[in-house]
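Contents: one structure, followed by commentary.
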Amino acid sequence: MTGPTRPARPGRPGRPGRLIVVTGTGTEVGKTWVGAALARHLIAAGIAVAARKPAQSFATGDGPTDAEVLGAATGEAPTTVCPEHRWYGTPMAPPMAADALGRPPFTIADLTSEIVWPDGDGDAVGLVEGAGGPRSPLASDGDTVDLAAALGPDLVVVVADAGLGTINAVRLAVTPFDGLAPVCVVLNRYDDTDELQRRNHAWLASHTELDVILDVPTLAARVEELG
């Protein structure tokens, strides 16, 4: 949790100086791993980081939840990362899980109103992770794209697999964020010795204007560059 310190800059009340929304091209692409690794890297550089997962669903007993992984990275309690009443112990999209468990429906407005940030300087970073892909249901009336529209992030990070199907998945996942915020793409688990992965990266670099990132230190540098 400690690292080199730097001068504080004025922050915006109720919001970290730099707000990042983390999503993925789908489930199991490693967006929680990337978010946690990013948090650890920034903290080591002396930047305060808080993580929030507005709602999470999971298979009970199937390892740590996303909130637990993110909390371990930032030093926050898992129930601070995700309020306890937004933990849904069945592996479906959160609003579907809530319905299956007989619990009340909730809206994007409900989720955003429950995000509480710690007091800090304007250099702090807030990470907000969605569920599933950009268009996976996150609430009864919206998804991670709607969450981003409500929060007004400084950057959207789209985490993708680097292998087969990457190009199509990336192009579909980034489009909904057009006009909402700058977007970068992280090819998670990228292996430069894998020809398909190299070619996927080269195609995205030459055929799109996307900011495609291959490792967490480069992603951390992008976040640090944000005004």
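Being a predicted model, the structure only gives us computed values, none of them experimental.
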- Check the pair Tyr190, Asp192 against side-chain hydrogen bond (donor to acceptor under 3.5 Å, both in side chains), reporting the backbone distance first and the verdict last. CA-CA 6 Å; Tyr190 179 77; Asp192 194 55; 3.2 Å; yes
- Item | Distance in Å, Asn200 CG paired with Asp194 CG, rounded so as to fall on 0.5 Å steps | 8.5 Å
- Query: Is the backbone N or O of Ala55 less than 3.5 Å from a side-chain atom of Trp87, with the two atoms forming a donor-acceptor pair by type?
  - Reply: no
- With a 4.5 Å limit on heavy-atom distance, are the side chains of Val34 and Leu219 in contact? yes
- Message: Test of understanding: clusters of I, L, V, M, F, W, Y form through side-chain heavy atoms closer than 4.5 Å, transitively. Do Val81 and Val21 belong to the same one?
- Response: no
- Item | Distance in Å, Arg52 CZ paired with Thr112 OG1, rounded so as to fall on 0.5 Å steps | 14.0 Å
- Query: Is the shortest distance from a Lys or Arg side-chain nitrogen in Glu114 or Arg86 to a carboxylate oxygen in the other one below 4.0 Å?
  - Reply: yes
- Query: How far apart are the closest heavy atoms of Ala181 and Pro153, and which atoms are they?
  - Reply: CB-O, 3.5 Å
- Message: Closer than 4.0 angstrom, basic N to acidic O: yes or no for Asp154 and Arg15?
- Response: yes
- Just by modelled atom types, is the Ala59 backbone N or O under 3.5 Å from a matching donor or acceptor in the Asp62 side chain? no
- Message: Are the side chains of Ile20 and Leu226 in contact, using a 4.5 Å heavy-atom criterion?
- Response: yes
- Message: Does any part of the side chain of Trp33, heavy atoms only, come nearer than 4.5 Å to the side chain of Val159, both counted from C-beta?
- Response: no
- Taking all non-hydrogen atoms of both residues into account, name the closest pair between Ala173 and Pro176 and its distance. O-CD, 3.3 Å
- Task: Taking His207 for its side chain and Trp203 for its backbone only, find out whether a donor-acceptor pair lies under 3.5 Å.
- Result: yes
- Please name the pair of heavy atoms, one in Lys31 and one in Val22, separated by the smallest distance, quoted to 0.1 Å. O-CG1, 3.8 Å
- Message: Quick check for you: to the nearest 0.5 Å, what is the distance between Leu164 atom CG and Gln197 atom CD?
- Response: 10.5 Å
- Are Leu151 and Val158 co-members of a hydrophobic cluster defined by side-chain heavy atoms under 4.5 Å apart? yes
- Query: Ignoring hydrogens and geometry, is there a side-chain-to-backbone donor-acceptor pair from Thr80 to Glu76 under 3.5 Å?
  - Reply: no
- Would a hydrophobic clustering, with Ile, Leu, Val, Met, Phe, Trp and Tyr connected at side-chain separations under 4.5 Å, put Phe177 with Leu210? yes
- What distance separates Leu204 CG from Asp211 CG, expressed to the nearest 0.5 Å? 11.5 Å
- Are there more than 12 heavy atoms of other residues, nucleotides or ligands under 6.0 Å from atom CZ of Arg171? no
- Task: Check whether any side-chain heavy atom of Val128 lies under 4.5 Å from a side-chain heavy atom of Leu19, and answer yes or no.
- Result: yes
- How are the rings of Tyr88 and Phe106 set to each other: parallel, tilted or perpendicular (split at 30° and 60°)? parallel
- side chain to side chain contact (heavy atoms under 4.5 Å, CB included) partners of Pro105, counting only residues at least two apart: Ser140
- Side-chain donor or acceptor of Ser57 paired with backbone N/O of Ala97 under 3.5 Å: no
- Task: Show your reasoning for whether side-chain hydrogen bond (donor to acceptor under 3.5 Å, both in side chains) applies to Thr65 and Gln56.
- Result: CA-CA 8 Å; Thr65 67; Gln56 66 171 4; 3.3 Å; yes
- Query: Is the closest side-chain heavy-atom distance between Thr74 and Leu70 below 4.5 Å?
  - Reply: no
- Message: Any heavy-atom pair between the side chains of Asp146 and Leu138 that's under 4.5 Å?
- Response: no
- Message: Could you check whether Asp123 pairs with Arg18 (Lys NZ or Arg NE/NH1/NH2 to Asp/Glu carboxylate O, under 4.0 Å)?
- Response: yes
- Message: Under the criterion side-chain hydrogen bond (donor to acceptor under 3.5 Å, both in side chains), I'd like the reasoning laid out for Thr218 against Asp215: C-alpha separation, chi angles, the key distance, then a yes or no.
- Response: CA-CA 6 Å; Thr218 303; Asp215 57 67; 2.7 Å; yes
- Distance (rounded to the nearest 0.5 Å) between Ile108 CD1 and Asp143 CG: 6.5 Å
- Message: Quick check for you: to the nearest 0.5 Å, what is the distance between Leu155 atom CG and Glu225 atom CD?
- Response: 10.5 Å
- Query: Do Val223 and Leu42 have side-chain heavy atoms sitting under 4.5 Å apart?
  - Reply: yes
- Message: Are Val183 and Leu214 linked, directly or through intermediate hydrophobic residues, by side-chain heavy-atom contacts shorter than 4.5 Å (ILVMFWY only)?
- Response: yes
- Message: Under a 3.5 Å threshold, yes or no: a donor from one side chain and an acceptor from the other, between Thr175 and Asp178?
- Response: no
- Query: How close do Ala220 and His41 get, heavy atom to heavy atom, and via which atoms?
  - Reply: CB-CD2, 3.3 Å
- Query: Does Arg199 CZ have over 12 foreign heavy atoms under 6.0 Å away?
  - Reply: no
- Message: Could you go through Asp161 and Asn188, starting from their C-alpha distance and side-chain angles, then the distance that decides it, and tell me whether this counts as side-chain contact (heavy atoms from CB on, under 4.5 Å)?
- Response: CA-CA 5 Å; Asp161 240 352; Asn188 191 27; 5.5 Å; no
- Given side chains that start at C-beta, do those of Thr23 and Val156 come closer than 4.5 Å, heavy atoms only? yes
- Might you point out which heavy atoms bring Thr25 and Ala160 nearest each other, and give the distance in Å? CG2-CB, 3.6 Å
- Item | Partner set under salt bridge (Lys or Arg N to Asp or Glu O under 4.0 Å) for Arg40, not counting sequence neighbours | none
- Task: For Arg198, check salt bridge (Lys or Arg N to Asp or Glu O under 4.0 Å) against everything at least two apart and list the hits.
- Result: none
